[in-house]
Amino acid sequence: MDAGRSPEHPPPARERGLFLVELRGSSPDGRDEEGMSAALRLAVRRLAATGTPIRWCGGWHVPADRRCLCLVEAADGTAVVLARDTAALGLAGVHPVRPLPDRTPPARDRGRS
């Protein structure tokens, strides 16, 4: 424990981040992407079950690009890379991401594209 902190006030929890894992397949029917996504999801669940601060948030298949984009929440990118490597997806890109604010445009800008 930090000598400067009282026991009633634990250190603040580290904020978790969001990470996008980009999987690229080669089969025209998309089975590669689905299999890779399932393997990553299983790896995330296994790591979470052992206490690693990581959580599966979802996945999206982009058939035209033969890609699958998976969103994972974790304390840091190291946990996501560990999940990627556990799933034997070493070439998959891991990118920190953040949600964009959901802002309503000013009234004068509504209706424009």
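Numbers here simply count residues along the sequence, with the first being 1. When reading the values below, keep in mind they use all heavy atoms of this one structure, side chains included, and skip hydrogens, waters and symmetry mates.
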Asks: With rounding to the nearest 0.5 Å, note down the distance linking CE in M36 to CG in L91.
Replies: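 Going from CE on M36 over to CG on L91, the span is 10.0 Å.
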
Asks: Within this structure, what is the CG-CH2 distance for the pair L23 and W60, rounded to the nearest 0.5 Å?
Replies: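 Result: 12.5 Å between the selected atoms.
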
Asks: Looking at side-chain heavy atoms only, is the closest gap between L42 and R46 below 4.5 Å?
Replies: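 Contact flag for L42/R46 side chains = yes.
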
Asks: If I compare all heavy atoms of A43 with all of A83, which pair ends up nearest, and what's the gap?
Replies: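 Closest approach of A43 to A83, heavy atoms only: CB-O, 3.4 Å.
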
Asks: Same cluster or not: are V44 and V94 linked, directly or through other Ile, Leu, Val, Met, Phe, Trp or Tyr residues, by side-chain heavy atoms under 4.5 angstrom apart?
Replies: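 Both belong to a single hydrophobic cluster.
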
Asks: Examine distances only and state if a side-chain atom of E73 and a backbone atom of R55 form a donor-acceptor pair shorter than 3.5 Å.
Replies: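 No, E73 side chain to R55 backbone: no donor-acceptor pair under 3.5 Å.
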
Asks: With rounding to the nearest 0.5 Å, note down the distance linking CZ in R66 to NE2 in H61.
Replies: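 Rounded to the nearest 0.5 Å, the CZ-NE2 separation comes out at 9.5 Å.
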
Asks: So, for V80 and A74, which heavy atoms are closest and what is the spacing to 0.1 Å?
Replies: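 Nearest pair, atom of V80 first, then A74: CG2-CB, 3.7 Å.
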
Asks: Does the side chain of L18 reach to within under 4.5 Å of the side chain of V72, using non-hydrogen atoms?
Replies: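 The answer is no; the side chains never approach within 4.5 Å.
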
Asks: Can you get from F19 to V81 by hopping between Ile, Leu, Val, Met, Phe, Trp and Tyr side chains that sit under 4.5 Å apart?
Replies: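 They do share one cluster, since a chain of ILVMFWY contacts under 4.5 Å joins F19 to V81.
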
Asks: Would you name the heavy atoms of C68 and E33 that are closest together and state the gap between them?
Replies: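 The pair with the smallest heavy-atom distance is CB-CB, 3.9 Å.
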
Asks: Give a yes or no answer on whether the side chain of T86 reaches the backbone of L82 with a donor-acceptor pair at less than 3.5 Å.
Replies: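 Yes, the answer is positive, given that a donor and an acceptor are paired below the 3.5 Å cut-off.
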
Asks: Taking the side chain as C-beta and beyond, is there a heavy-atom pair between C70 and W56 under 4.5 Å?
Replies: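 Result yes, sub-4.5 Å side-chain heavy-atom pair found.
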
Asks: Do any N or O atoms from the side chain of D32 and from the backbone of S26 form a donor-acceptor pair under 3.5 angstrom?
Replies: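 Yes, D32 side chain to S26 backbone: donor-acceptor pair under 3.5 Å.
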
Asks: With sequence neighbours left out, what residues match E22 under side chain to side chain contact (heavy atoms under 4.5 Å, CB included)?
Replies: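 Side chain to side chain contact (heavy atoms under 4.5 Å, CB included) list for E22, sorted by chain: R24, R67, L69, H95.
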
Asks: If every non-hydrogen atom of I54 is compared with every non-hydrogen atom of A79, which pair is closest and at what distance?
Replies: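 That closest heavy-atom pairing would be CD1-O, 3.6 Å.
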
